[in-house]
Trainee: 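Following this message is one structure expressed as C-alpha cells.
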Amino acid sequence: MSDETQLQALRKRIDTIDEKILELISERAHCAQTVAQVKQKALPTGQAPVFYRPEREAWVLKHIMELNPGPLDNEEMARLFREIMSACLALEQPLQVAYLGPEGTFTQAAALKHFGHSVISVPMAAIDEIFREVAAGAVQFGVVPVENSTEGAINHTLDSFLEHDMVICGEVELRIHHHLLVGENTQTGKISRVYSHAQSLAQCRKWLDAHYPNVERVAVASNAEAAKRVKGEWNSAAIAGDMAAELYGLTRLAEKIEDRPDNSTRFLIIGNQAVPPTGDDKTSIIVSMRNKPGALHHLLQPFHSNGIDLTRIETRPSRSGKWTYVFFIDFCGHQSEPLIKDVLEKITDESVALKVLGSYPKAVL
Ligand SMILES: C=C(O[C@@H]1C=C(C(=O)O)C=C[C@H]1O)C(=O)O
C-alpha cells in the first residue's frame, strides 16, 4: 500500500471515530439536560436547584484518569473531559465566575482550568470585589489567588476571608510561566521600565537583577494591565503570561524568566454552596487563639495526635486588637468525617474563635 492510500484509509477511520464521538457527546449532553430536569423536579417550587456539583466533577475526572489506556496522558485526557463537562453543565445552567481581571490574568486562566471554557468569566478590579460579587449573588463563584510557591501568601485574599462569610468550594493549581513582553513599537535596546504585578516582579527578581539591573520596575494592578500599557510605549516591557501576551499581541523577548522553574500559584474557588465529601478532600479553617504561652502548640496538637496531614498554616494580624493573630490552616479531610469533627471540637475548646471556610475536593488537574 502506498503512503498516500494508507493516509487516506487512516483518515477515513478517524472520520468514522469522530462521528461516533459526536454521537456519544450528544447523548451525554442529553443526559445532562435530563439531570437538570430531575434536579428541578426534586425541589419545592421557588427553590433554586444546585446544578454545579464539584464533588461529582472531581469523581468523573479521577475515574477517567484511572481508566485512561493512553497514549494520551492522564492530564491531557482529563482536560478534554473537563471541557465536555463544562459544555454539559452550561446546558443545565450557564455559570458566571468572577476573577481578578482584567482579561488575560493568571486568575482567569485558573478559572478556565477549573470550570472549563463554557463558563462566563467576569473580570473584577480587586480581590475584595470578587468576594462582594459572590456574596451579593451577582455571580455564582469567584476565583482568587491564595498562595504562590515562590512568594508565599496572597494577603489580600486572606484578609478578605476575615471580612466576608464565604464557602470555599474548590482549589486549583496553576504552573506560572512569566515572559518578558514587548510591543511592535518597543526599541528593545532602550528599555528603561518594566511593568508587572508586584508578585510577578518578585517571582522574577533574580532574572531582572541579572539581565536588566538598571531598569525601573513598576508595580501595576495586574500583569494583564502591564501588557496593556506596553502596547502604547516604545521604551517599556511587561512581565506577564501567555494569555496576556496573546490578548495584547505582544512579542516574547525572553521566555520563562521566573526564578524558580516550579513556580506555581494556588487559587481558591469561593461560593455559597457547601460541598459533600469525595474521600479525597481538604478543609480550610481560620482560628484565633488567646495570646498565651504554648497557644500554637495547643492548636496543632489535635492534628498531630490524630495523624491529620496539615498542608498549610499562615498567620495574619487579627485586626481586632494589637498583636493578636489569626491562623489560616488547611488540612486533609472533610468536616463531615467523625475524626475531623472531633479535632475541630478540640480546637474550638482551645480557641477564641474558629470558622470553617469549607471542605472541598483536592485539585484533580
Ligand atoms: C450532570 C450533572 O451536573 C453537572 C454536570 C456534570 C457532568 O457533565 O458530568 C457533573 C456534575 C455537575 O456539575 C450531575 O450532577 O451529575
Side-chain angles (χ1 to χ4, degrees), residues 18 20-69 72 74-99 108-122 130 133-134 137-144 166-174 267-282 334-336 358-365:
D18 283 350
K20 278 192 204 149
I21 295 174
L22 176 67
E23 203 175 301
L24 289 173
I25 292 178
S26 303
E27 194 182 329
R28 192 188 194 284
H30 276 300
C31 267
Q33 278 180 320
T34 317
V35 166
Q37 288 161 13
V38 174
K39 285 176 183 170
Q40 192 89 56
K41 222 169 47 199
L43 287 171
T45 37
Q47 208 170 315
V50 178
F51 291 111
Y52 172 59
R53 302 299 298 261
E55 75 287 6
R56 166 74 184 156
E57 297 206 351
W59 187 90
V60 171
L61 294 180
K62 274 197 197 144
H63 183 60
I64 289 299
M65 288 163 108
E66 271 162 27
L67 291 182
N68 179 26
L72 290 181
N74 280 354
E75 279 216 2
E76 202 62 62
M77 192 57 103
R79 261 203 294 275
L80 292 174
F81 275 81
R82 166 68 283 154
E83 291 303 330
I84 293 175
M85 274 200 291
S86 182
C88 287
L89 175 63
L91 278 179
E92 291 186 50
Q93 179 195 40
L95 282 189
Q96 293 211 317
V97 179
Y99 67 93
Q108 185 183 25
L112 297 177
K113 181 179 178 191
H114 186 81
F115 288 99
H117 285 68
S118 298
V119 291
I120 302 161
S121 57
V122 188
I130 303 172
E133 285 292 289
V134 178
V139 294
Q140 286 102 337
F141 297 98
V143 181
V144 288
M166 214 79 291
V167 180
I168 301 175
C169 318
E171 62 168 0
V172 54
E173 216 180 286
L174 201 68
F267 299 82
L268 293 174
I269 315 301
I270 56 170
N272 296 302
Q273 153 191 346
V275 183
T278 64
D280 193 15
D281 304 288
K282 270 191 193 171
H334 192 282
Q335 57 185 309
S336 64
S359 294
Y360 47 91
K362 274 190 202 165
V364 180
L365 275 176

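Just so you know, these numbers come straight off a predicted model, no measurement behind them. Counting starts at 1 for both ligands and their atoms, following the listed order.
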Trainee: Where the closest heavy atom to atom 15 (O) of ligand 1 is concerned, which of Lys39, Met85, Gln33 has it?
Mentor: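 Comparing heavy atoms across Lys39, Met85, Gln33, the nearest one to atom 15 (O) of ligand 1 lies in Lys39.
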Trainee: Check each of Gln93, Glu57, Arg53 against atom 6 (C) of ligand 1 and report the one with the nearest heavy atom.
Mentor: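 Of the listed residues, Glu57 has the closest heavy atom.
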Trainee: Side chain of Ser26, backbone of Leu22: donor and acceptor closer than 3.5 Å?
Mentor: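 A pair under 3.5 Å: yes.
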Trainee: Would you find a donor on one side and an acceptor on the other, under 3.5 Å apart, between the side chain of Gln96 and the backbone of Ile120?
Mentor: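 Not at all, since once roles are kept as given, no pair shorter than 3.5 Å links the two residues.
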Trainee: What orientation do Phe115 and Phe141 show, parallel under 30°, tilted 30 to 60°, or perpendicular over 60°?
Mentor: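 Tilted.
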Trainee: Test Tyr360 against every option in Thr278, Asp281, Leu268 by the side chain to side chain contact (heavy atoms under 4.5 Å, CB included) rule and name the one that passes.
Mentor: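 Answer after filtering Thr278, Asp281, Leu268: Leu268.
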Trainee: Tyr52 heavy atoms, cut-off 4.0 Å: which ligand 1 atoms fall inside?
Mentor: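 Listed by number with element: 13 (O).
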Trainee: Determine whether a donor-acceptor pair (N or O, by modelled atom type, separation under 3.5 Å) exists between the side chain of His334 and the backbone of Val275.
Mentor: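 Side chain of His334 to backbone of Val275, a donor-acceptor pair under 3.5 Å: yes, one is there.
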Trainee: Within ligand 1, which atoms have a heavy atom of Phe51 less than 4.0 Å away?
Mentor: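 Near Phe51, meaning under 4.0 Å from one of its heavy atoms, ligand 1 has 3 (O), 4 (C), 12 (C), 13 (O).
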Trainee: For ligand 1, is there an N or O atom under 3.5 Å from any N or O atom of Glu92?
Mentor: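 Yes: some nitrogen or oxygen of Glu92 is under 3.5 Å from one in ligand 1.
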Trainee: Is it true that Phe267 and Tyr99 have ring centroids separated by less than 6.0 Å?
Mentor: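 Between Tyr99 and Phe267, which both carry aromatic rings, the centre distance is not below 6.0 Å.
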Trainee: Near Arg56, which atoms of ligand 1 are under 4.0 Å from a heavy atom of that residue?
Mentor: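 Contacts of ligand 1 toward Arg56, numbered from 1: 10 (C), 11 (C), 16 (O).
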Trainee: Just to confirm my output: which protein heavy-atom neighbour is closest to atom 9 (O) of ligand 1, and how far is it?
Mentor: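 Result for atom 9 (O) of ligand 1: Arg28 NH2, 2.8 Å.
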